[in-house]
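Notes for the one structure printed next.
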Amino acid sequence: MSIYLYNTLTGRKEEFTPSEPGRVRMYVCGPTTYNYIHLGNARPLVVFDALRRYLEYRNYDVIYVQNFTDIDDKVINRAREEGVPALSIAERYIEEFFRDADALNVKRASLYPRVSQHIRDIIAAIEELMRRGFAYEAGGDVYFEVEKFPAYGRLSGRTPGEMRAGARVEVNTAKRNPLDFALWKAACPGEPAWDSPWGPGRPGWHIECSTMALKYLGTGFDIHGGGADLIFPHHENEIAQAEAQTGCPFARFWLHNGFITVNQEKMSKSKGNFFLVRDIASRFRPLAVRLFLLSTHYRSPIDFDDAGLLAAEKGLERLENTRRLLNEARCHLGGAGGSTASSEKGATLAGRVEELRREFTAALDDDFNTARALAALYDLAREINSYLAGTARPDAGVVKRAATVFEELGENVLGLFGRPQQQVDDALLEGLMDLILSIRQEARQRKDWATADAIRDRLKALGIILEDTPRGPRWKKS
RNA sequence: GGCGCGGUGGCGAAGUGGCUAACGCCGCGGUCUGCAAAACCGCUAUUCGCCGGUUCAAAUCCGGCCCGCGCCUCCA
């Protein structure tokens, strides 16, 4: 089965095959490092991380590059407010970025290039653009001349004419045309600056991405991703720069995730509904945030509200319970050992496991439909639960296979579980719980329900959930 | 003004010509349980914003209308 992805460049779903067999080169625009990341950053982070995981599941070698924009107006302003160097602001928020990304169970990219470390490459790119006649200097600034690049507007589906008609023309006499954009900005006093053939300054807003993408992935790489709001002008400009500079196609597939709203409104500082990942993570489990983000197709808009996050939290618990049940069943059945003769129920489950695995991948093959894939995963959970609950002696082989598939889809691909199951690494806790549970079991045998219930209630208050099962009690941290 | 997206049960969300409109959450009933929890079973949209049209057949195609939202300016 081949993978189909919607390509913004062509406006339709296309069969995806990497240009180099077995190897996918992808670039995703990363955050500007002037603050903790917000929900708008979280969506592409999670969506493209999941896509990357899926491609790996499909046996591709994925080179995943995500940049940090560590030099730009927002970083500089922040630095000025705090009276510290711009790069130390960036350093701080890059560290914090990883904290949030880890909480969301985002795998590390292959590479995180930073603008400030690629000034030379950027200058070389601009020089090449000037040599080829696509750029001009004006008072220490360098601009890209949009008119010289006829394909401008292909990605966003606008023509320069249309844009001129609607756009408010900014007052900037240095530009030959309002649509021209800065490749290099002359430094104002007190701003971080690098020497260049045009005097001290810093890179413009778009040149960093095209330069770093070309440097690490080469021309014609496979996937370029980001939020839909980057289509214009950011990605349009990246294409113009890169293709004007190299004369080769820049990226093959352009993927864009939809917007985020909060309580039906666009998230913005002025509306007072600007949420950081850690704001939400303090009220809901980060993995539930991840599940929530994957519950909607990546190209559709998604609205954050408490009800949705709560539902995701419950859904996540459901999947986690299945994972736990599976794990317990495996322990009871002992290690590797040969499987017992499979019962009819076992055979049925074994068949369903493969069927649902196929449904799961078919959904992701169809423009990465995670909502549909999740439906298959929930179906799988239900069938596994049903089998384990209704079978006195589960078939070891079937359980093992079900556990493997469940783990592959739920964790390896969707990244919903985070740390590996099983081991409670705290021997002391383990021992204390054994002690408490044996005391409680004695109480239960005496039919001293008051004591048994009190223990359960007090443990719950401490964050430990007790469940009595036919096989004895079990517990988990809440 | 230009370009674009969406309106599916109480909430969220799949489904783009034809099996009983997925899946999750919530709610209700039941099984299990000392009671719970977890789990399982059942119920919850004859109907997919509204009105027409095409078709043997439409949530799915066409036309019109209503409503909500976004981009065109830094933004994921």
Side-chain angles (χ1 to χ4, degrees), chain A residues 11 28-32 37-48 69 72-74 153 156-159 161-170 178-179 205 225-234 256-261 264-269 274 291-292 295-297 299-303 305-322 324-325 359 363 366 369-390 444-445 447-450 452-453 456-457 460 465-470 473-476 478:
Chain A
V28 177
C29 290
T32 302
I37 60 169
H38 58 262
L39 292 180
N41 296 309
R43 168 113 102 146
L45 200 59
V46 166
V47 162
F48 291 109
T69 300
D72 116 318
D73 290 349
K74 282 176 292 204
S156 52
R158 311 155 202 261
T159 67
E162 282 171 359
M163 287 184 269
R164 216 167 298 147
R168 285 176 300 181
V169 177
E170 47 184 292
L179 287 177
W205 298 316
D229 54 339
L230 292 181
I231 294 172
F232 187 87
H234 185 58
H256 294 97
N257 61 268
F259 290 98
I260 274 180
T261 54
Q264 313 281 15
E265 278 189 316
K266 181 181 172 167
M267 188 171 81
S268 72
K269 285 175 183 166
F274 191 85
L291 173 60
F292 179 74
S295 298
T296 300
H297 183 92
R299 285 196 287 122
S300 301
I302 193 169
D303 185 56
D305 64 9
D306 283 10
L309 261 349
L310 199 64
E313 220 161 46
K314 294 298 182 64
L316 181 62
E317 267 173 46
R318 179 179 174 74
L319 295 172
E320 285 172 335
N321 274 328
T322 295
R324 185 170 55 124
L325 256 29
E359 271 181 35
D366 182 13
N369 193 328
T370 50
R372 231 168 76 206
L374 275 168
L377 189 64
Y378 282 116
D379 279 337
L380 181 59
R382 180 166 16 82
E383 308 229 10
I384 290 169
N385 292 341
S386 181
Y387 174 72
L388 292 179
R444 292 184 73 212
Q445 244 129 52
K447 297 203 190 304
D448 178 2
W449 308 126
D453 291 352
R456 189 171 61 198
D457 290 345
K460 188 174 181 189
I465 303 213
L466 276 196
E467 293 171 6
D468 294 308
T469 77
R474 66 166 172 239
W475 61 277
K476 64 173 177 181
S478 64

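In what follows, every chain begins at residue 1, and chains take the letters A, B, ... in the order their sequences are listed.
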Check every strand shown and say whether [X] touches a base, only sugar-phosphate, or nothing at a heavy-atom separation below 4.0 Å.
X        : answer
A/Ile231 : nothing
A/His297 : sugar-phosphate
A/Phe259 : base
A/Gly40  : base
A/Leu466 : base

Where the side chain of [X] is defined as all heavy atoms beyond and including C-beta, which of [options] is the nearest nucleotide?
X        : options             : value
A/Arg444 : B/C71, B/G34, B/A38 : B/G34
A/Asn385 : B/C75, B/C40, B/A22 : B/C40
A/Glu467 : B/C40, B/A76, B/A36 : B/A36
A/Asp453 : B/C23, B/A37, B/C35 : B/C35
A/Lys314 : B/A14, B/C23, B/C26 : B/C26
A/Ile465 : B/A37, B/G24, B/C75 : B/A37
A/Arg372 : B/A37, B/A76, B/A14 : B/A14
A/Asn321 : B/C11, B/A76, B/A38 : B/A38
A/Arg382 : B/C40, B/C74, B/C5  : B/C40
A/Arg324 : B/C74, B/A38, B/C40 : B/A38

Suppose we define a pair by two distances each less than 3.5 Å, Watson-Crick or G-U wobble; what does [N] pair with here?
N     : answer
B/C48 : none
B/G15 : B/U8
B/U55 : none
B/G70 : B/C3
B/C32 : none
B/A38 : none

(message) Is it the case that the base of B/C35 and the side chain of A/Asp468 share a donor-acceptor contact (distance under 3.5 Å, atom types as modelled)?
(response)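 It does, because a donor-acceptor pair links the side chain of A/Asp468 to the base of B/C35 below 3.5 Å.
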(request) Examine the base of B/A36 for any acceptor or donor lying under 3.5 Å from a partner atom in the side chain of A/Arg456, and report the outcome as yes or no. (result)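 Yes.
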(message) Any side-chain to backbone donor/acceptor pair from A/Ser295 onto A/Leu291? Under 3.5 Å, distance only.
(response)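 Yes, A/Ser295 side chain to A/Leu291 backbone: donor-acceptor pair under 3.5 Å.
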(message) Could you report the tightest heavy-atom contact between A/Ala373 and A/Ala363, atom names first, then the distance?
(response)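 A/Ala373 and A/Ala363 have their closest heavy atoms at N-CB, 3.5 Å.
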(message) To check you understand the geometry: which heavy-atom pair defines the closest contact between A/Ser156 and A/Phe232, and what is its length?
(response)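 In terms of heavy atoms, the two residues are closest at OG-CD1, 3.7 Å.
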Whole-Å gap separating [atom2] ([N]) and [atom1] ([X]):
X        : N     : atom1 : atom2 : answer
A/Asp457 : B/A37 : CG    : P     : 12 Å
A/Arg474 : B/A39 : CZ    : P     : 9 Å
A/Ile302 : B/A14 : CD1   : C1'   : 14 Å
A/Leu45  : B/A76 : CG    : C1'   : 10 Å

(request) Enter the distance from A/Arg444:CZ to A/Asp468:CG here, rounded to the nearest 0.5 Å. (result)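 Going from CZ on A/Arg444 over to CG on A/Asp468, the span is 3.5 Å.
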(request) Could you check if a side-chain atom of A/Leu325 sits within less than 4.5 angstrom of a side-chain atom of A/Ile384, using non-hydrogen atoms only? (result)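 Of all side-chain heavy-atom pairs linking A/Ile384 with A/Leu325, none is under 4.5 Å.
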(message) Using OP1 and OP2 only, check whether a side-chain N or O of A/Arg318 sits under 4.0 Å from B/G24.
(response)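 Indeed, a polar side-chain atom of A/Arg318 lies that close.
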(message) Need to verify one output field. Residue with the more 5' nearest nucleotide on RNA chain B, A/Asn369 or A/Gly308?
(response)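 Mapping each residue to its closest nucleotide by heavy atoms, the 5'-most match is A/Gly308.
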(message) If stacking means aromatic ring centre less than 5.5 angstrom from the base's six-membered ring centre, planes under 30°, is A/Trp449 stacked on B/G34?
(response)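 Here the ring of A/Trp449 and the base of B/G34 are stacked, with centres under 5.5 Å and planes under 30°.
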(request) Inspect the contact between A/Asp457 and A/Lys460 and indicate whether a charged nitrogen and a carboxylate oxygen are less than 4.0 angstrom apart. (result)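 Salt bridge absent between A/Lys460 and A/Asp457.
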(request) Verify whether one side chain among A/Arg324 and A/Asn321 offers a donor that lies under 3.5 Å from an acceptor in the other. (result)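 Yes, a side-chain donor-acceptor pair sits under 3.5 Å.
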